[in-house]
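See below for the structure under consideration.
Quick note on labels: first sequence line is chain A, next is B, and so on, each numbered from 1. Remember, predicted model here, so these are calculated numbers, not experimental data.
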Protein chains: 2
Amino acid sequence: MKKTILIYGLSLAVLVFLLEYFEYRYFVHELSTEVFVFLIALIFTGLGLWAGKKLTNQTKIEPPPFEQNEKAIRYLKISERELEVLELVAQGFSNKQISDKLFVSVNTTKTHLSHLYEKLDVKRRTQAVEKAKSLKLIE
Amino acid sequence: MKKTILIYGLSLAVLVFLLEYFEYRYFVHELSTEVFVFLIALIFTGLGLWAGKKLTNQTKIEPPPFEQNEKAIRYLKISERELEVLELVAQGFSNKQISDKLFVSVNTTKTHLSHLYEKLDVKRRTQAVEKAKSLKLIE
DNA sequence: TCAGGCGTCACCCGAAAGTATGATTTTGCA
DNA sequence: TGCAAAATCATACTTTCGGGTGACGCCTGA
């Protein structure tokens with residue numbers, strides 16, 4: 001961004017200088033004023049386009065900066081632990097695998113899941129994942 | 001797009017004409033050539049930026065035009081029916097619900113799913129959904 | 001015509017998931 | 001300090017999933 005502006009400024013300065021110089025020396029006698037103005041317009045249009053592209057591209061590179069919908073999480077009263085379980089479910093892990101990762105029993109995992117289903121108002125894990133993603137509770 | 005170009009062209013023509021006119025009439029005597037050139041540069045830079053923004057915005061409005069990865073589907077030899085089942089699974093439906101939607105028995109749905117798991121190299125429906133989405137087999 | 005893929009269905013069995021209920025411990029906070 | 005929410009675990013039971021196997025009809029390409 002800063003670099004783009006700097007380059008643009010320098011180009012502008014150099015071009016103005018050069019044009020001024022050549023205008024006095026040669027062109028003004030050979031080229032009509034219309035052509036001279038047209039050239040300047042053309043050059044600076046190009047520079048404008050280029051600078052514009054640079055500046056907008058900068059903001060286009062990073063498109064998906066996932067931001068968790070914390071409001072929804074709080075509103076649905078989903079706890080930390082439940083969210084952890086939810087994330088693992090979304091990654092396709094079984095209850096057993098989740099239990100091992102979280103160092104708890106399968107029963108505990110199932111309890112968390114039951115609570116989640118209730119809060120999300122769903123019946124199955126796949127629905128929970130679907131809903132959680134649409135609500136941006138998880139990525 | 002066409003409209004933008006047209007507007008730009010017209011603006012350019014009008015501005016050149018006006019500048020020429022005023023140059024001859026008044027300004028050339030009051031303003032230095034440097035200032036004149038600077039003004040033209042400024043105006044056309046602005047126009048360039050504006051046109052550039054218009055042109056790039058056009059291509060930025062439609063960002064997520066989901067295109068199914070048909071190559072992957074063919075490569076994995078996933079059939080039509082299997083894909084239908086997969087989509088419904090991804091929407092969180094149970095085997096029974098899917099069977100009802102497709103007017104087949106639960107057994108048939110299960111058979112399709114078994115084949116899918118094999119082809120996707122997964123063990124559970126949640127994993128299948130996860131993988132299918134990452135491969136863009138489904139939305 | 002015949003093999004092979006696809007779609008359909010069935011039956012069985014075990015594993016995984018989900019429901020219901022209750023209990024204990026931890027912990028944050030009023 | 002004491003209460004409520006959260007986290008943990010258990011037991012028992014039902015439902016859903018998933019694997020394995022086999023079967024039948026249809027269609028297509030070799």
B/T111 vs B/R125, nearer the 5' end of DNA chain D by closest nucleotide: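 Looking at DNA chain D, the more 5' nearest nucleotide goes with B/R125.
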
Taking 4.0 Å as the cut-off, does a side-chain nitrogen or oxygen of [X] come that near to OP1 or OP2 on [N]?
X: B/Y117; N: D/dG19; answer: no
X: A/R124; N: D/dT16; answer: no
X: A/N95; N: C/dA16; answer: no

Closest to the [X] side chain, choosing from [options]:
X: A/S105; options: D/dT8, C/dG18, D/dA10; answer: D/dA10
X: A/S114; options: D/dA10, C/dT19, D/dG18; answer: C/dT19
X: B/H112; options: C/dG7, C/dA10, D/dA10; answer: C/dG7
X: A/K123; options: C/dT19, D/dA7, D/dC17; answer: C/dT19
X: B/N107; options: C/dG18, D/dC9, C/dA10; answer: C/dA10
X: A/S94; options: D/dT8, C/dA16, C/dG7; answer: C/dA16
X: B/S79; options: D/dT8, D/dG18, C/dC6; answer: C/dC6

Under 3.5 Å side-chain donor-acceptor pair for B/T108 and B/T111: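 Per modelled atom types, B/T108 and B/T111 side chains form no pair under 3.5 Å.
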
B/K77 side chain vs B/K119 backbone, donor-acceptor pair below 3.5 Å: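 Not at all, since once roles are kept as given, no pair shorter than 3.5 Å links the two residues.
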
Heavy-atom check, side chain of B/Q127 versus side chain of B/L120, under 4.5 Å: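 Answer no - side chains too far apart.
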
Close side-chain approach of B/L135 to B/L76, heavy-atom, < 4.5 Å: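 Heavy-atom side-chain distance check passes, below 4.5 Å.
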
For atom [atom1] of [X] and atom [atom2] of [N], their distance in whole Å:
X: A/E80; N: C/dT26; atom1: CD; atom2: C1'; value: 16 Å
X: A/F93; N: C/dA17; atom1: CZ; atom2: P; value: 12 Å
X: B/L83; N: C/dC6; atom1: CG; atom2: P; value: 13 Å
X: A/Q127; N: C/dA17; atom1: CD; atom2: P; value: 16 Å

Side chain to side chain contact (heavy atoms under 4.5 Å, CB included) partner of A/T126, the single match among A/R124, A/K123, A/E130: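 When A/R124, A/K123, A/E130 are each tested with A/T126, the side chain to side chain contact (heavy atoms under 4.5 Å, CB included) holds only for A/R124.
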
